[in-house]
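Below is one structure, written out as structure tokens; comments come after it.
Computed from a predicted model, the values in this text were never measured in an experiment. Proteins come first, then strands; the chains are lettered A, B, ... in the order of their sequence lines, and each starts at number 1. Values below: all heavy atoms of this structure, side chains included; hydrogens, waters and symmetry mates excluded.
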There are 2 protein chains.
Amino acid sequence: MRDMRPLIHPSIEDITVEGILHALSDPVRAAIFAELAVCAGATCSNFLKISDRDIPKSTLSQHFRALREAGLIRSERQGVEMRNSTRYAEVEQRFPGLVGTIMKAHQAQAEERLRAGRRKAAAKKSKAG
Amino acid sequence: MRDMRPLIHPSIEDITVEGILHALSDPVRAAIFAELAVCAGATCSNFLKISDRDIPKSTLSQHFRALREAGLIRSERQGVEMRNSTRYAEVEQRFPGLVGTIMKAHQAQAEERLRAGRRKAAAKKSKAG
DNA sequence: CCCATAGTTCGTAACTTATGAACTATGGAA
DNA sequence: TTCCATAGTTCATAAGTTACGAACTATGGG
């Protein structure tokens with residue numbers, strides 16, 4: 001029976017731009033990373049529901065692995081659960097501004113979408129009522 | 001027989017962060033974009049050889065399409081060939097700093113790799129000689 | 001009209017990603 | 001201990017994406 005592999009955390013010099021971009025080009029992963037930035041030590045299952053979507057836990061596990069192997073987060077077992085934190089400071093040192101700018105853009109876009117959503121809802125309401 | 005579809009250029013507000021990150025997470029596409037930034041109006045076949053790699057033209061065509069549909073470049077037919085230019089200014093306005101920071105990071109990494117390559121070559125030479 | 005050059009599209013093989021089911025790991029209760 | 005619950009991982013496979021040769025479209029010049 002297959003044993004469980006140890007978690008892989010690339011050393012700072014093995015982190016690549018391609019890897020970071022690819023990892024953060026997925027909206028779910030970007031949302032996880034954003035949340036971890038404000039809420040260090042969150043566990044995986046804290047994200048079973050994210051941005052109004054249900055994510056199956058196997059999928060979630062893959063997303064965490066992707067972030068981990070891109071060098072964006074660090075995961076450590078703590079008892080029965082997994083504590084995750086960002087490696088922002090390290091990555092920032094290697095590629096100054098990269099991750100911050102990406103997350104800022106993601107956030108700007110999310111806010112824009114929220115506004116657009118509200119506009120649409122308001123329009124519908126005024127038509128109906 | 002299938003007709004040729006017109007080229008698709010998303011309007012500025014339809015450009016997404018995910019799309020940009022995904023497009024630029026491929027080293028070939030990032031290299032094309034970087035080259036277009038310095039050398040506006042280059043044609044597709046100018047890139048059949050890029051970073052010491054031969055890219056088949058069908059693959060190249062897909063890469064250009066990916067950049068175009070992410071909103072990063074504009075392509076216009078000019079006679080028998082296609083002139084490509086970046087939409088950097090527009091994208092910069094929508095997501096300030098995003099593309100510039102990404103390209104800077106890509107470049108820093110490329111230079112680092114060059115240095116590492118030279119180190120390795122020098123070490124091999126000193127061992128052999 | 002035919003040819004050459006420049007790109008696109010298509011078919012398919014290779015790779016990636018998503019997800020349910022079955023597993024491992026850990027700690028606490030009986 | 002043994003059993004159980006919780007937290008994540010791995011596996012199998014289905015669905016989606018990407019790479020690339022071959023065949024196509026498009027354009028301009030003999």
* Structure fact -> Winner on side-chain proximity to B/Met4, out of C/dT19, D/dG8, C/dT8, is C/dT8
* For A/Asp26 and for A/Gly79, locate the closest nucleotide of DNA chain C by heavy-atom distance; then report the residue assigned to the nucleotide nearer the 5' terminus. => A/Asp26
* C/dT17 phosphate, OP1 or OP2, under 4.0 Å from A/His22 side-chain N/O -> yes
* Just do the side chain to side chain contact (heavy atoms under 4.5 Å, CB included) check on B/Arg87 and B/Gln93 with the steps written out, would you? => CA-CA 10 Å; B/Arg87 293 178 67 183; B/Gln93 195 159 9; over 6 Å; no
* Closer than 4.0 Å, any side-chain N/O of B/Arg5 to the OP1 or OP2 of C/dC10? -> yes
* **Residue-phosphate contact under 4.0 Å: A/Thr59 side-chain N/O, C/dT19 OP1/OP2** => yes
* **Residue-phosphate contact under 4.0 Å: B/Arg68 side-chain N/O, C/dT8 OP1/OP2** => yes
* Asked: Roughly how many Å is it from CZ in B/Arg83 to P in C/dA6, rounded to a whole number?
  -> 11 Å
* For A/Ser58, which contact category applies under a 4.0 Å heavy-atom criterion: base, sugar-phosphate, or nothing? -> base
* To do: Nearest whole angstrom, please: distance from the P of C/dG20 to the CD1 of A/Ile55.
  => 11 Å
* Choose from D/dA26, D/dG8, C/dT8 the nucleotide whose nearest atom is closest to any side-chain atom of B/Val80. => D/dA26
* Asked: Given atom CG of A/Asn84 and atom P of D/dG8, what is their separation to the nearest angstrom?
  -> 8 Å
* Structure fact -> To the nearest angstrom, the CG-C1' distance between B/Leu67 and C/dG7 comes to 15 Å
* Asked: If you measure from OH on B/Tyr88 to CG on B/Leu98, what distance do you get to the nearest 0.5 Å?
  -> 9.5 Å
* Would you give the length of the straight line joining atom OG of B/Ser45 to atom CD1 of B/Ile55, rounded to the nearest 0.5 angstrom? => 13.5 Å
* Asked: Atom CE of B/Met82 to atom P of D/dT27: distance rounded to whole Å?
  -> 10 Å
* To do: Nearest whole angstrom, please: distance from the P of D/dG28 to the CD of B/Gln78.
  => 10 Å
* Can you tell me how far P of C/dA6 sits from CZ of B/Phe47, to the nearest Å? -> 14 Å
* Asked: Is A/Arg53 touching bases, backbone alone, or none of the nucleic acid, heavy atoms closer than 4.0 Å?
  -> nothing
* Structure fact -> Ranking D/dG8, C/dG7, C/dT19 by distance to the side chain of A/Pro56, first place goes to C/dT19
* Asked: Taking the side chain of A/Arg77 as its heavy atoms from C-beta onward, which of C/dA25, C/dA6, D/dT9 lies nearest to it?
  -> C/dA25
* Send over the distance from B/Gln62 CD to D/dT17 P, rounded to a whole Å. => 13 Å
* To do: Check A/Arg77, A/Arg83, A/Gln78 against A/Glu81 for a side chain to side chain donor-acceptor pair (under 3.5 Å) and give me the one that passes.
  => A/Arg83
* Structure fact -> Value for CD1 (A/Ile73) from CG (A/Leu67), rounded to nearest 0.5 Å, stands at 5.0 Å
* Structure fact -> Against the side chain of B/Glu81, the closest entry in C/dA6, D/dG8, C/dT26 is C/dA6
* Euclidean distance, A/Ile102 CD1 relative to B/Leu21 CG, rounded to 0.5 Å -> 5.0 Å
* To do: Look at A/His63 and C/dT16 and indicate whether a side-chain polar atom (N or O) is within less than 4.0 Å of OP1 or OP2.
  => no
